[in-house]
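First the structure, in the form of structure tokens, and then the observations on it.
Order of the sequence lines sets the chain letters (A, B, ...), proteins ahead of strands, with each chain counted from 1.
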There are 2 protein chains.
Amino acid sequence: MSAQGPYLAEIAHLMGDPARANMLHALMDGRALTAKELAWLAGVAPQTASGHLAKLMQGGLLAVAAQGRHRYYRLAGPEVATALEGLMVLANMEGTTRRLPSRVGAELSFARTCYDHFAGRLGIGIHDALMTGGHLAASEGGYALTSSGKAIFARLGVEPGQSGKTRRAALRPCLDWSERRPHLAGHLAAALACRCFEMGWTRRRKDSRAVTLTEEGRAMLEAALPGFRCDAPEPSVSPLRREPVPALA
Amino acid sequence: MSAQGPYLAEIAHLMGDPARANMLHALMDGRALTAKELAWLAGVAPQTASGHLAKLMQGGLLAVAAQGRHRYYRLAGPEVATALEGLMVLANMEGTTRRLPSRVGAELSFARTCYDHFAGRLGIGIHDALMTGGHLAASEGGYALTSSGKAIFARLGVEPGQSGKTRRAALRPCLDWSERRPHLAGHLAAALACRCFEMGWTRRRKDSRAVTLTEEGRAMLEAALPGFRCDAPEPSVSPLRREPVPALA
DNA sequence: TCGATACTACGGCCCTGACCGTAGCGTCCT
DNA sequence: AGGACGCTACGGTCAGGGCCGTAGTATCGA
């Protein structure tokens, strides 16, 4: 039986505490945050957060970079984000009874970052436009760009460069937890997202993983990506800070 | 922030108990097991198992079918298996310190079922042969078969039938936790596995997710799938029942 | 050099939840 | 009908672990 169970439980147990889950969720946009920020986000005292972070480190889920008197924590790698996404798919689907889709922040389901790439309707719009345009080809473990796809990326300022014939696919589908359809992950997707932030086509919100698509960004994507569409986000009601809504009872 | 954290933690917490993790792991081959079998596999008394199963049901991770005085539990859906796979990737990778790959049962890493399709080197062999042969094309969220791919599946006795233009891809990559490379999932992969069991090309082990590739099965796959290769499993040392090896300290 | 800040280490409180005992209900076999 | 079996419900016990208090170490700014 290879004794997988216990290890599986070890990892899941680490993610199964509300405070730690909040921290991991906050880190899913790929940024690195300080212990204090994470403590605040998780809703616990810094001492408590420190203990949680130590456990997550020991479990190999986080990596840390000490910089002066700050310690910046980030997810240890894309596999961690992938695993979390898998759980979030369940968390959003489980028993139609609870968690109605409407509860998901409108901005968040419109566009957000997923570790290092775009998710939400923006991510899906990009995926679909490339797919229906025939710019994606099957490749080891995911997609590769066809020549027309490479041209599109080049036009957007992302050099598809071979990146050394790596094992992992440059692009791969990643199931979107809010839309329940795939968007694009992989290092080319990350490079595209990076380029979008760099050029001001998209902007990060301050205290959320939500992303804003600027007018210029929309124009650029529509020009470069025939068939791209991505309906505007509904006007937000309230930023809805933290203090999670009361559990289901 | 959309209060994802708490829900995420809820699901992860369910998976984070050793007994429950063992149950879920045992169900990952897609079969349905009775409460008593699961109790035995998890190493707890039936009363305890019953409680765990109720929790997993309420969490939406399991589905149950009552048949006479037995209750057959199974995973609620492929998403659950996917989420578990995501965690197992972490569990096998985490800190090179613990869990050396050698600990994974040789038979298990050679061939096993992953929910409803093949994983391990067998699954990867199929994936790679189709991929390098150019039998896969990119498709919404995964792969589709090219015409040559359809011919191969037809030759193996699997009718690729459109299955009604569903949203989900017929084939999609699924990261293999033992080999750390993708194998094929999706309903066509499931149909292929089903066909292989049906024809006696593969056989299930009794108390393990490991799968045996018969001589006939190997011959069939090599004949139908140009480029297919799948090295034999190392002779197993001992079946290594359960009683998980002592934790890392 | 001194204080402020960021973080971690330790200790004690307390609650969640895993466990199994007994008991009860429904189903199958003879 | 009677007994065996599969499963679940309930109650008591107990350990694991989350929480924050205080205290200690390292870094930055003046």
For the student: nearest non-hydrogen atoms of Ala193(B) and Phe118(B), plus distance
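Distance-wise, the nearest heavy atoms are CA-CE1, 3.6 Å.
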Nucleotide [N], atom [atom2] - distance to [atom1] of [X] in whole Å:
X	N	atom1	atom2	value
Asn22(A)	dC19(D)	CG	C1'	15 Å
His13(A)	dA18(C)	NE2	C1'	12 Å
Tyr72(B)	dT27(C)	OH	C1'	13 Å
Met23(A)	dC7(C)	CE	P	11 Å
Leu56(B)	dA18(C)	CG	P	10 Å
Met57(A)	dC7(C)	CE	C1'	14 Å
Leu14(A)	dG17(D)	CG	C1'	12 Å
Gln58(B)	dT8(D)	CD	C1'	15 Å

Output one line per pair: protein atom, nucleotide atom from nucleotides 28-30 of chain C, and distance, for all N/O pairs under 3.5 Å.
none

Lys55(B) side-chain proximity, nearest of dC19(D), dG17(D), dA18(C):
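So the side chain of Lys55(B) is nearest to dA18(C).
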Distances under 3.5 Å between protein N/O atoms and the N/O atoms of nucleotides 8-12 of chain C, please, pair by pair.
unit_1: dT8(C); atom_1: OP1; unit_2: Arg71(A); atom_2: NE; d: 3.0
unit_1: dT8(C); atom_1: OP1; unit_2: Tyr73(A); atom_2: OH; d: 2.5
unit_1: dT8(C); atom_1: OP2; unit_2: Ser50(A); atom_2: OG; d: 3.0
unit_1: dT8(C); atom_1: O5'; unit_2: Ser50(A); atom_2: OG; d: 3.2

Is Thr48(A) close enough to dC20(D) that one of its side-chain N or O atoms is under 4.0 Å from OP1 or OP2 there?
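Result: yes.
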OP1 or OP2 of dC19(C) under 4.0 Å from side-chain N/O of His52(B)
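It does, given that an N or O in the side chain of His52(B) lies less than 4.0 Å from OP1 or OP2 of dC19(C).
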Does any N or O in the side chain of [X] come within less than 3.5 Å of the main-chain N or O of [Y], such that one atom is a donor and the other an acceptor?
X	Y	answer
His117(B)	Cys114(B)	yes
Arg20(B)	His52(B)	no
Gln58(B)	Lys55(B)	no
Thr82(A)	Pro78(A)	yes
Thr113(A)	Asp116(A)	no

Spacing of Leu33(A) atom CG and Leu38(A) atom CG [to the nearest 0.5 Å]
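Here the interatomic distance stands at 5.0 Å.
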Please tell me whether Arg203(B) and Thr214(B) have a donor and an acceptor in their side chains that are separated by less than 3.5 angstrom.
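Side-chain D/A pair, Arg203(B) to Thr214(B): absent.
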On DNA chain D, check which nucleotide each of His70(B) and Arg20(A) is closest to and give me the residue with the more 5' one.
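Taking each residue's closest nucleotide, the earlier one in sequence belongs to His70(B).
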The criterion is salt bridge (charged side-chain N to carboxylate O under 4.0 Å, His left out); which residues satisfy it with Arg112(A), sequence neighbours excluded?
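Per chain and number, Arg112(A) pairs via salt bridge (charged side-chain N to carboxylate O under 4.0 Å, His left out) with Asp176(A).
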